[in-house]
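Order of the sequence lines fixes the chain letters, A, B, ..., with proteins taken first and strands second; residue numbering starts at 1 for each chain. It should be emphasised that the depicted structure is a prediction, and the values quoted were computed from it without experimental measurement.
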Protein chains: 2
Amino acid sequence: MQQQLRAHIERSVSLTDGEFASVLAHLTEKQCKKREFLIQEDQTVEYAYFVVSGLLKLVYTDDAGKQHILSFAMEDWWESDFRAYYTQTPATLSLQCVEDTVVFCLSLEHYHALCARLPKMERFFLQKATFGSIAAQQRVLSLLTTNVQQRYDQLLQHYPRLVQRISKTLLASYLGVSRETLSRLS
Amino acid sequence: MQQQLRAHIERSVSLTDGEFASVLAHLTEKQCKKREFLIQEDQTVEYAYFVVSGLLKLVYTDDAGKQHILSFAMEDWWESDFRAYYTQTPATLSLQCVEDTVVFCLSLEHYHALCARLPKMERFFLQKATFGSIAAQQRVLSLLTTNVQQRYDQLLQHYPRLVQRISKTLLASYLGVSRETLSRLS
DNA sequence: GACTAGGTGTGATTTACATCACTAGTTTCT
DNA sequence: AGAAACTAGTGATGTAAATCACACCTAGTC
């Protein structure tokens with residue numbers, strides 16, 4: 001489990017045993033049941049989470065009570081309501097387990113401490129943020145340029161395993177389409 | 001002009017005169033005419049740009065030749081086709097002047113050099129990337145949850161000056177709506 | 001001073017998708 | 001084992017927005 005995190009980080013920057021021990025010292029582990037909330041709307045966001053195993057959904061609930069899924073977080077993903085986390089303001093999103101899930105938790109304080117202690121980790125987080133930002137821009141582009149069928153096909157192509165793991169209802173809410181319309185696609 | 005950049009950076013991290021001189025040494029200045037391209041599709045992306053004055057549009061052109069505007073970059077914004085820039089692969093986006101524009105140019109090599117030389121600047125770029133990523137996620141949310149009228153109202157509220165500076169045609173292409181539909185909004 | 005290219009507004013028609021309504025299978029919980 | 005909750009498919013209907021088509025206006029250009 002630690003090895004998985006280490007391998008994940010070392011895809012960006014290499015670490016000595018001591019450095020990795022220092023990383024671990026800033027994290028806590030948590031086991032969560034399906035349907036459990038890691039972040040709830042209006043509450044303060046204590047942690048950013050690294051998913052070891054399982055699956056999370058990051059959700060915005062609109063005024064009409066309809067759920068919109070911003071992203072799924074599976075193995076090796078970092079997830080949080082980052083706006084609320086970094087600015088320490090109440091969450092507008094919620095983060096909930098789709099399956100039983102194991103995560104590492106990183107508090108904002110520990111995040112800053114870790115960056116100060118290990119510049120390498122700051123570089124690691126810079127890379128994560130950079131490519132996270134690029135990925136979000138790709139999603140904007142996909143919403144601007146494609147219809148539902150195409151978005152569904154793209155998702156199938158890029159994350160076939162994810163599509164198999166989740167219900168059509170969740171998938172529809174991620175694609176920004178009604179459950180019924182998704183059900184009618186080829 | 002340098003003062004503007006310095007003020008911009010110092011909103012995140014404070015710099016000594018020497019450190020700022022070092023930042024400037026990594027940048028080159030460029031003056032561009034309206035309609036001029038800073039980045040063109042299929043070409044390699046040499047620079048990330050800091051906009052001193054003027055206005056740029058970041059555009060994706062789809063197979064049908066229709067333009068989709070991913071973002072506008074005005075004073076104090078950093079812009080590029082960051083995917084192509086960081087991975088040094090051909091651009092899929094283009095970056096074009098909407099007005100006469102003055103920019104500072106930062107090559108990827110100089111970006112890495114600057115981060116290595118001044119950890120403060122790495123922290124600065126980490127902040128930019130973090131909040132860039134949050135902003136992109138907000139845009140996804142807005143596309144998922146709101147209709148055209150609401151998106152237009154939101155934009156008017158957040159960037160009233162931008163809306164005045166650009167044509168309705170460009171605005172429509174940013175909001176992901178046809179020119180005609182935008183024209184029919186209240 | 002005519003000529004071209006962008007930019008804008010408005011009607012008519014079409015289309016992709018949402019919503020409503022119903023049936024039915026499958027998990028989960030007690 | 002039976003109830004409750006979640007999931008999935010499909011028909012009928014409604015609607016927001018795209019598309020097509022046209023008129024008009026302004027700014028730059030030879």
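Across Asp42(B) and Pro90(B), no two heavy atoms sit closer than the pair O-CB, 3.5 Å.
Atom CD of Gln67(B) is separated from atom C1' of dG6(C) by 13 Å (rounded to the nearest Å). If you take CD of Gln164(A) and P of dA8(D), they are 14 Å apart, rounded to a whole angstrom. The interatomic distance linking Lys168(A) (NZ) with dT27(C) (C1') rounds to 17 Å, in whole Å.
Taking 4.0 angstrom as the limit, Ser167(A) places none of its side-chain polar atoms (N or O) nearer than this to OP1 or OP2 of dC6(D).
In this structure, Lys34(B) reaches neither bases nor backbone, as no heavy-atom distance under 4.0 Å exists between it and the strands shown.
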Report summary line: Whether each nucleotide of nucleotides 13-30 of chain D has a protein heavy atom under 4.0 Å at its base (B), only at its sugar-phosphate (S) or at neither (-) is summarised, 5' to 3', as ----SBBBB---------

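Annotation: salt bridge (charged side-chain N to carboxylate O under 4.0 Å, His left out) contacts of Glu29(B) (sequence neighbours excluded): none.
Remark: Arg139(B) is positioned above the aromatic ring of Tyr174(B), its terminal NZ or CZ atom under 6.0 angstrom from the ring centre and at most 45 degrees off the axis. Cation-pi check for Arg11(A) over Phe124(A) is not met; the charged atom does not lie both under 6.0 angstrom from the ring centroid and within 45 degrees of its normal.
The aromatic rings of Tyr86(B) and Tyr111(B) sit perpendicular to each other, their planes meeting at more than 60°, with 30° as the lower class boundary.
Sequence order on DNA chain C of the closest nucleotides to Ser183(B) and Arg151(A) puts Ser183(B) first from the 5' end.
Atom CZ of Arg6(A) has more than 12 neighbouring heavy atoms from other residues, nucleotides or ligands inside a 6.0 Å radius.
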